[in-house]
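Just so we're on the same page: letters track the sequence lines, and every chain starts at 1. Model, not experiment: these values are computed from the prediction.
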2 protein chains.
Amino acid sequence: MSQESPAAARADQPRRRAVSKRSLATSLSILDAAERLFAERGYDGASVRDIASAAGAQIASISFHHVGKETLFERVVERRASELSQLRLDALSALKAKAESLTLEALLSAFLRPYLEKAGAGDPQWLAYARLVAMVSADIRWHRISERCFDPTAGVFIAEIAKLFPQADRSAIAVSFIFSVSAMLSLSTSQWRIEALSAAAGNRPAMDRLADQLVSFCEAGMRAALEG
Amino acid sequence: MSQESPAAARADQPRRRAVSKRSLATSLSILDAAERLFAERGYDGASVRDIASAAGAQIASISFHHVGKETLFERVVERRASELSQLRLDALSALKAKAESLTLEALLSAFLRPYLEKAGAGDPQWLAYARLVAMVSADIRWHRISERCFDPTAGVFIAEIAKLFPQADRSAIAVSFIFSVSAMLSLSTSQWRIEALSAAAGNRPAMDRLADQLVSFCEAGMRAALEG
DNA sequence: CTCATTATTGAACGATCGTTCAAAATAAGG
DNA sequence: CCTTATTTTGAACGATCGTTCAATAATGAG
């Protein structure tokens, strides 16, 4: 409750310095390594020792830069969440600017494609991130992260879909939306299973082909579930 | 390579006894507790100590009855997998006996509904199991379990779907099938997220209503993805 | 009932977990 | 360049991990 004057604040906080380039690089490489290992082995399966080793840093650096394991996990998820949300909302804005009335396909495309383009470009960090999002979306232990990072944008798109289906109730829309998100995430988490079930030679389909198929699937599925 | 006579085999294996009822109960309660805790916290998040404690057994009993943690996990998954597969294949047989030509909706219903009816009946063990299956399906570390427990039945249904869409290629069918399975599993793993996105008062939809919506969603989605 | 086998018990194993610390090295600000 | 805040380092902490063991108790078979 003691409200300090700027002068007093400056007095007892002796001096301040900018972060060094090396420190920033360490912090970043820890985030990258954590992203990879958390995605690969899960939160409990990835140890801070392995993360530090993969980042070429000391174990103590993780606590120093990112408080602890749990905060590190949250920061890893948050890092790309805002970028992804921005891409989605930008696509939505572009859509609204172009046509006065939105279609369901355009809406789903705006939501689903940014994700798939990032992952499909082959960037291994984005592929890892996709697995992370799937983990967070499927585990109630991380519901606070979902609330903060993903639900706001999802809410915007659900509201737009609700305008297209005025007679459908909100929970039915939310259910269909989760179906769509789950299908999208399965492309990252279950690619190995798709290949196994495709049988025969491993002619894996290209990501942009998969993206088209996903949008078709979700558009038709949603329409059927909401119009019925 | 030494082929022993029955007499010799009986000689060096001194005597055999049936398992006691108590032993069987212990083994079973361990499986139940493991199912709950693995589903709740994941493989690495659930400790054998917590599992033993929840089962009212000693830690050493887990190694004694189920070899070790990894084997215990596999047995937990396998236990209900055969029952589930049987229900699905029975539904398929019933379908074939009734009508000479199958519809996509009937096929998907035969695959999806047994699962949802078990989980929807409110049996907490089956609800936990659904989360387990989602974990196995999304993690390549458990691909051997998927291969053994789930892929064979999935292959049967994919083959039936392939008959309905002769022009669609196998991998496209597999992709749509994984989309459908992911949507199904999301009802168990992301129910909390659905409720969050439904906003407003928590009027959660009944499971049989959700099942109808899921089948509609997947049927229309598959048709669009495979006919296009 | 007797006895050999099976199962349970409680304790301990070494390994690894996440976190913390003081000392040494680094680098920004004046 | 000097000072000093910042960062890195290596080691250690206590807690918990999965597994193993010898002993004790329980139990099916004869």
Kindly state each residue pair satisfying salt bridge (Lys or Arg N to Asp or Glu O under 4.0 Å) with at least one member in [range], sequence neighbours excluded.
| range | result |
| --- | --- |
| residues 172-183 of chain A | none |
| residues 129-140 of chain B | B:Asp139-B:Arg141 |
| residues 114-130 of chain B | B:Glu83-B:Lys118 |

message = Just to be sure I understand the geometry, which residues of residues 22-37 of chain A put a non-hydrogen atom under 4.0 Å away from DNA chain C?
response = A:Arg22

ask   = Which ones in residues 61-70 of chain A lie close to DNA chain C, meaning a heavy atom under 4.0 Å from one of its atoms?
value = A:Ser63, A:Gly68, A:Lys69

query = Hey, does the side chain of A:Ser47 come within less than 4.0 Å of C:dC17's phosphate (OP1/OP2), counting only N and O?
reply = yes

key: Below 4.0 Å: OP1/OP2 of D:dT6 and any side-chain N or O of A:Arg16   = yes

query = Contact class for B:Ala46 vs. all strands (heavy atom < 4.0 Å): base, sugar-phosphate, or nothing?
reply = sugar-phosphate

ask   = Expressed in angstrom and rounded to an integer, what is the separation of B:Phe73 atom CZ from D:dC17 atom P?
value = 18 Å

key: Value in whole Å for how far the C1' atom of D:dT27 lies from CZ of B:Arg17   = 5 Å

Donor-acceptor pairs are to be reported for all side-chain atoms of residues 58-66 of chain A against protein atoms at under 3.5 Å, with residues two or more places apart or in another chain.
from, atom 1, to, atom 2, distance (Å)
A:His66, ND1, A:Arg75, NH1, 3.2
A:His66, NE2, A:Ser27, O, 3.3
A:His66, NE2, A:Ser27, OG, 3.3

message = Can a donor-acceptor pair be found, under 3.5 Å and without considering hydrogens, that links the side chain of A:Ser53 to the backbone of A:Arg49?
response = no

Got a list of protein N/O to nucleotides 10-12 of chain C N/O distances below 3.5 Å?
from, atom 1, to, atom 2, distance (Å)
C:dG10, OP2, B:Gln58, NE2, 2.7

request  = Quick one: list whatever passes ring-ring contact (aromatic ring centres under 6.0 Å, His included) with A:Tyr129, sequence neighbours left out.
outcome  = A:Trp126

For residues 175-185 of chain A, dump all side-chain donor-acceptor pairs below 3.5 Å to protein atoms at least two apart in sequence or in another chain.
from, atom 1, to, atom 2, distance (Å)
A:Ser176, OG, A:Ala172, O, 3.2
A:Ser176, OG, B:Gln213, NE2, 3.1
A:Ser180, OG, A:Ser176, O, 3.1
A:Ser182, OG, A:Ile178, O, 2.9

message = If the condition is side-chain contact (heavy atoms from CB on, under 4.5 Å), which residues does B:Asp50 pass it with, not counting sequence neighbours?
response = B:Leu37, B:Arg41, B:Ser47

remark   = Sorted by chain and number, sequence neighbours left out, side-chain contact (heavy atoms from CB on, under 4.5 Å) with A:Asp212 holds for A:Arg113, A:Arg209

query = Can you list every pair that meets ring pair (Phe, Tyr, Trp, His ring centres under 6.0 Å) and has a residue in residues 131-160 of chain B, with sequence neighbours left out?
reply = B:Tyr43-B:Trp142, B:Phe73-B:Trp142, B:Phe111-B:Phe157

